[in-house]
Each structure stands twice: as C-alpha cells, then as structure tokens.
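Starting from 1, each residue takes its place in the sequence as its number. Reckoned from all heavy atoms, side chains included, excluding hydrogens, waters and symmetry mates. Each ligand, and each atom within it, is numbered from 1 in the order the structure gives. Computed from a prediction, not measured in an experiment: that's the story for all the values here.
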Amino acid sequence: MFAARQATSAIFGAAQRRAFSASAANASKVAVLGAAGGIGQPLSLLLKLNPRVTELALYDIKGAPGVAADVAHINTKSTVKGYDPTGDGIKDCLKGAEIVLIPAGVPRKPGMTRDDLFNTNASIVRDLAKAAAESCPDANLLIIANPVNSTVPITAEVFKSKGVYNPKKLFGVTTLDVVRASRFISQLKSTDPASESITVVGGHSGATIVPLLSQAGYALEGQELADYVKRVQFGGDEVVQAKGGAGSATLSMAMAGARFAESLLKAAQGEKGVVEPTFVDSPLYKDQGVTYFASNVTLGPQGVEEIHPVGKVTEYEQGLLDVCLKDLKGNIEKGEKWAKENP
Ligand SMILES: NC(=O)c1ccc[n+]([C@@H]2O[C@H](COP(=O)([O-])OP(=O)(O)OC[C@H]3O[C@@H](n4cnc5c(N)ncnc54)[C@H](O)[C@@H]3O)[C@@H](O)[C@H]2O)c1
Ligand SMILES: O=C(O)C[C@H](O)C(=O)O
C-alpha cells in the first residue's frame, strides 16, 4: 500500500524532514489557483506530501472543493481547503498565503504555440493577479500558466498598477526546462539524471529556451548537439503531440512546480545556497531592452536574493542566445502592452 509516510519519505528525505522539524514553528500557507486542472491536481497532491506546507488552499472555477476533500485524507499534518468563485472564495483562499502557484489557464493542442494561448490566458492570469495583489501582496507568485514569457510581465503590470510590485517575489516557473535538460542528457550519456545539472536560460517557449550544455562540461557536436538543443526547446511539444489533443505536460510539470515551491520554502526557512532557474525581472539584458530573463537565481527569505550571470558560453550558444533575446523582447512587450490596454 502506498502509505503517505512512505511517499513523503521518498520525495522529502530524512535530512529534509529533520530540517523541517527544526523549523516546525513556521506556518506556510500555499495556495494553488487552477487546482482542479491537469497540473493543479498532482501539484496539490505533491504539496500535501511536503512537510514544510502547513496549510494548502485550493482554488478553481470548478472542482476545487472535491480535489481538496480527496487530498485532505492523506495522512500528513497540513490542513486543506477548497475554494470556488462563490462569495469571497478567492480572497479567503489567498489571505495569508506565502506562496501562490498559478497553473490556471488553457493548455495547448497539437499545432499551437504557447503564444496562441495568449488571448485566453492573459485575462485569466490578470484577474488572478489582481486578486493576489489585493489579498496577499507580499506572497511569492509562481506563474505556470502559458505563455510564461508574457504572463509574468502581465502579472508585474497588475502589481505595479496597485502599487505593490516586488520584483523579488514574482517568478515564471521554468523548472521543467532544466528537469528535461537533465533527463535528456542523462539518456544520451547514460548518467544519473539526478546528478545532472544543466543550466537553461532565456524564457519558456521554443527558441527562447537556451540550454548551456558546455557549462556542465559536455561537448556535443554537430547533429547530436542540434538534436539535443531542439529536444530541450521543444520538449513541451513532444508531450502535446503524444497527448493528441488532451493537453500538455501535467505530471512532470506538477513535479517541477512542487520542486520550485519546496526550494522557496527551504529558503524562507533559512536554508542557504538554494538555487533554482526562474524567469524574473532581471538586469542581465536590460541594456538590450529585455526586462525579464530566466537564469539561475539564489533564493532567500525575501524571494530573489541573487540573479546569477549567464556565464561563459560557446559561440554556438551565443547564437542561440541572440535568437532568444529577440523573441523574448517581443513576448515581454506584448504582455506589457496588453496589460496596460486591458487593466
Ligand atoms: N510553465 C510550464 O512549464 C508549464 C508546463 C505545463 C503547462 N503549463 C501551462 O499551465 C496551464 C494549465 O495547464 P493544465 O494542463 O493544468 O490545464 P487544465 O485545463 O487541465 O487545467 C487548468 C485549470 O484552470 C482552471 N481555470 C481556468 N480559469 C480559471 C480561473 N479564472 N481561475 C481559476 N482557475 C481557472 C480550469 O478550471 C482548470 O481546472 C496551461 O496554460 C499550460 O500551458 C505551463
Ligand atoms: O508545452 C506546453 O505547452 C506546456 C509547457 O509549457 C511545457 O513546456 O510542457
């Protein structure tokens, strides 16, 4: 039988559980908006298994109370409550949240780009961002809904318009790109994926996803390198195709979102040297008009502590970066413009 304790032990090791006990006084409310969806459900499950989470608040336009009732039976200590749009649902869900994950929004079907989701997801994210800016302006906001390259700038504009924008607490979740980059190189080189750490920078769509394989000491060449880069850049499409119209990555994304939330909680609870890749308001390419950029970031109790530079790249990687920056600038400006015109 899959006992919750065993599952918790498998995902969160003994050292983590001891560290958690030492800081058990921390109350960590985590909210998931879009909790009844393909990502939302397994993400809620993984958060329920995380001993650092003390309160789990699950919101969706439909189905969240059911998901909450189900997840709440898992024998870990956190409390779970589901909320829907009736009454003060969203406000109550967000009040006191330390972390808010937003996977609410439509996923791709074969033949679509992430940007094709813009028209639907922009207003969903804007409205949820408004609610967060009003009810939990100090929370860490983790944007999963696509197109991340635009939904993060939209969220920032909402927070700016309410006078509560804190660039250190707004994150586009790009964790899945490094999870894939590590897994795919381990398949090529027959290594342990858990010990692979491939830096991926840029954004979260196609050519804006730039894996920097050379920094991990790998020197793939020619077609092998091109195929690897393409697989990382279009890993999402691989899943969209395989699901044949039934959506995009949900399970691997839930794992990636839960990992990022865990890293933020560790940092908030005093752990040093917690580094994750994420798409943030970044100085790295501001001189080229690219105001948000994903790179490795050291997390601290106040969110972003240090944005790591991109570091040394090969000529080939510089070529990828040049293409990335051009696309990214357009995606960011599109989000900002839309948010200003559609407050
Ligand atoms: N950042 C990443 O790496 C990454 C990875 C995978 C998917 N995604 C994106 O995540 C999003 C969700 O994907 P999914 O597979 O879970 O989709 P899904 O359709 O299965 O679930 C989305 C959920 O959002 C809910 N929702 C819609 N509007 C809402 C609103 N206004 N308030 C609250 N909830 C609302 C829906 O009811 C649904 O339950 C998509 O945009 C997808 O492209 C991002
Ligand atoms: O590919 C998608 O549309 C979903 C997500 O962004 C992913 O990378 O899997």
Task: Atom indices of ligand 2 within 4.0 angstrom of Ala249 heavy atoms, with elements - done: 9 (O)

Open item on the list: Measuring only between side-chain heavy atoms, which start at C-beta, is Val148 closer than 4.5 Å to Arg114?
Closed with: no

- [ ] Output the list of atoms in ligand 2 that are nearer than 4.0 Å to some heavy atom of His204, sorted by atom number.
- [x] 5 (C), 6 (O), 7 (C), 8 (O)

Open item on the list: I'd like to know if Arg180 contacts ligand 2, where contact means a heavy-atom distance under 4.0 Å to any ligand atom.
Closed with: yes

Open item on the list: Taking ring pair (Phe, Tyr, Trp, His ring centres under 6.0 Å) as the definition, give me every residue that meets it alongside Tyr165, ordered by chain and number, with sequence neighbours left out.
Closed with: none

Open item on the list: Would you say NZ of Lys286 has more than 12 non-hydrogen atoms from neighbouring residues, nucleotides or ligands within 6.0 angstrom?
Closed with: yes

- [ ] Using the test side-chain hydrogen bond (donor to acceptor under 3.5 Å, both in side chains), find all partners of Ser282 that sit at least two apart in sequence or belong to another chain.
- [x] none

Task: Pairs where residues 300-311 contributes a residue and the test side chain to side chain donor-acceptor pair (under 3.5 Å) is met, not counting sequence neighbours - done: Thr298-His308

TODO: Answer yes or no for Lys334 and Phe118: cation-pi contact, defined as NZ/CZ to six-membered ring centre under 6.0 Å and angle to ring axis within 45°.
DONE: yes

Open item on the list: Show me which atoms of ligand 2 lie under 4.0 Å from any heavy atom of Gly236.
Closed with: 1 (O), 7 (C), 8 (O), 9 (O)

- [ ] Would you mind listing which atoms of ligand 2 come within a distance below 4.0 Å of any non-hydrogen atom of Ser248?
- [x] 2 (C), 3 (O), 4 (C)

TODO: Mind checking the OG1-NZ spacing from Thr54 to Lys29? Nearest 0.5 Å is all I need.
DONE: 9.5 Å

Open item on the list: Please determine whether the number of non-hydrogen atoms from other residues, nucleotides or ligands lying under 6.0 Å from atom NZ of Lys81 exceeds 12.
Closed with: no

When you pair each N or O of ligand 1 with protein N or O atoms, which pairs come out under 3.5 Å?
{"unit_1": "ligand 1", "atom_1": "1 (N)", "unit_2": "Ile144", "atom_2": "O", "d": "3.1"}
{"unit_1": "ligand 1", "atom_1": "1 (N)", "unit_2": "Val173", "atom_2": "O", "d": "3.2"}
{"unit_1": "ligand 1", "atom_1": "3 (O)", "unit_2": "His204", "atom_2": "NE2", "d": "3.1"}
{"unit_1": "ligand 1", "atom_1": "8 (N)", "unit_2": "Asn146", "atom_2": "ND2", "d": "3.4"}
{"unit_1": "ligand 1", "atom_1": "16 (O)", "unit_2": "Gly38", "atom_2": "N", "d": "3.3"}
{"unit_1": "ligand 1", "atom_1": "16 (O)", "unit_2": "Ile39", "atom_2": "N", "d": "2.9"}
{"unit_1": "ligand 1", "atom_1": "20 (O)", "unit_2": "Gly38", "atom_2": "N", "d": "2.7"}
{"unit_1": "ligand 1", "atom_1": "24 (O)", "unit_2": "Gly105", "atom_2": "N", "d": "3.4"}
{"unit_1": "ligand 1", "atom_1": "37 (O)", "unit_2": "Asp60", "atom_2": "OD1", "d": "2.6"}
{"unit_1": "ligand 1", "atom_1": "39 (O)", "unit_2": "Gly37", "atom_2": "N", "d": "3.2"}
{"unit_1": "ligand 1", "atom_1": "39 (O)", "unit_2": "Asp60", "atom_2": "OD1", "d": "3.4"}
{"unit_1": "ligand 1", "atom_1": "39 (O)", "unit_2": "Asp60", "atom_2": "OD2", "d": "2.7"}
{"unit_1": "ligand 1", "atom_1": "41 (O)", "unit_2": "Val106", "atom_2": "O", "d": "2.8"}
{"unit_1": "ligand 1", "atom_1": "41 (O)", "unit_2": "Asn121", "atom_2": "ND2", "d": "3.1"}
{"unit_1": "ligand 1", "atom_1": "41 (O)", "unit_2": "Asn146", "atom_2": "N", "d": "3.2"}
{"unit_1": "ligand 1", "atom_1": "43 (O)", "unit_2": "Asn146", "atom_2": "ND2", "d": "2.9"}

Open item on the list: With heavy-atom distances below 4.0 Å as the criterion, list the atoms of ligand 2 near Asn146.
Closed with: 3 (O), 4 (C), 5 (C), 6 (O)

